[in-house]
Amino acid sequence: MVRDLALRINQDYRGKDPLLISVLNGSFIFSADLIRQLDFDPQISFTKLASYQGTSSTGNVDELIGLNQETEGRHILILEDIVDTGNTLEKLVGMLKKKKAASIETVALLFKSQVYKKDIPVKYYGKDIPNKFVVGYGLDYNERGRSLDEIYQIGER
Ligand code: 5GP
């Protein structure tokens, strides 16, 4: 799955020197495996979306933390563990657009297309999965399970 994604990125981004932006926490294992399958030496930055309450009259303010890389004119590849409703992706892409990137595409390991309701295309994804909660390979369940080698669906009772 990761190898297939890497092959497509190698092809599509040859000579473009994309900037990879890995969205923490869940994407750390996927990102580590993906970059080692690329046939170029990419720049990678790690970011997190933080919500703060009570800092403005409109309520929550979302902010990108940790993104200290210059994005203007760069081809950006967002690395996501899983795209579900797309709320996170929408916020991220909105913020990155203001930073004048040359292009922005998303690489998601998993994609819940049945739940996804946004217009932003998820160009690269490893697997389309049903609307179930999964854990392992970086993905957590209450901050546990990230070290599992495989991806598991949480059991239903
Ligand atoms: P969205 O904003 O697209 O609804 O959700 C994206 C984020 O929610 C993911 O980056 C991930 O952190 C979390 N998430 C969504 N679905 C799952 C899931 O099935 N398992 C885990 N562990 N996290 C999920």
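We count ligands from 1, going down the list as the structure has it; atoms in each ligand are counted the same way.
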For Glu80, the ligand 1 atoms whose distance to one of its heavy atoms is below 4.0 Å = 10 (O)
Structural part of Lys132 in contact with ligand 1, heavy atom criterion under 4.0 angstrom = backbone
Which heavy atom of the protein is the closest neighbour of atom 5 (O) of ligand 1, given with residue, atom name and distance?
-> Asp84 CB, 3.6 Å
So which heavy atom on Glu90 is nearest to which on Ile120, and how close?
-> CA-CD1, 3.5 Å
If you have a sec, work out which protein heavy atom is nearest atom 22 (N) of ligand 1 and how many Å separate them, to one decimal?
-> Asp140 O, 2.7 Å
Would you please name every residue forming a ring pair (Phe, Tyr, Trp, His ring centres under 6.0 Å) with Phe46, sequence neighbours left out?
-> none
Answer yes or no for Gly86: is there a heavy-atom contact with ligand 1 below 4.0 Å?
-> yes
Nearest neighbour in protein (non-hydrogen) for atom 8 (O) of ligand 1 | Ile82 CG2, 4.8 Å
Looking at Thr88, which atoms of ligand 1 are within less than 4.0 Å of one of its heavy atoms?
-> 1 (P), 2 (O), 5 (O), 6 (C)
Which ligand 1 atoms, with their elements, are less than 4.0 angstrom from a heavy-atom of Asp81?
-> 9 (C), 10 (O), 11 (C), 12 (O)
Please state which protein non-hydrogen atom is closest to atom 4 (O) of ligand 1 and give its distance, to 0.1 Å?
-> Thr85 OG1, 2.5 Å
Flag the pair Asp33 and Arg3 as a salt bridge only when some basic side-chain nitrogen lies within less than 4.0 angstrom of an acidic carboxylate oxygen.
-> no
Using non-hydrogen atoms of the residue, decide whether Val135 is closer than 4.0 angstrom to ligand 1.
-> no
Enumerated ligand 1 atoms positioned under 4.0 Å from heavy atoms of Phe133 | 17 (C), 18 (C), 19 (O), 20 (N), 21 (C), 22 (N), 23 (N)
Under 4.0 Å from atom 16 (N) of ligand 1, do we find at least one protein heavy atom?
-> yes
So Tyr116 and Phe111, would you call those rings parallel, tilted or perpendicular, with 30° and 60° as cut-offs?
-> perpendicular
For ligand 1, which atoms, with element, lie under 4.0 Å from some heavy atom of Lys112?
-> 16 (N), 17 (C), 18 (C), 19 (O)
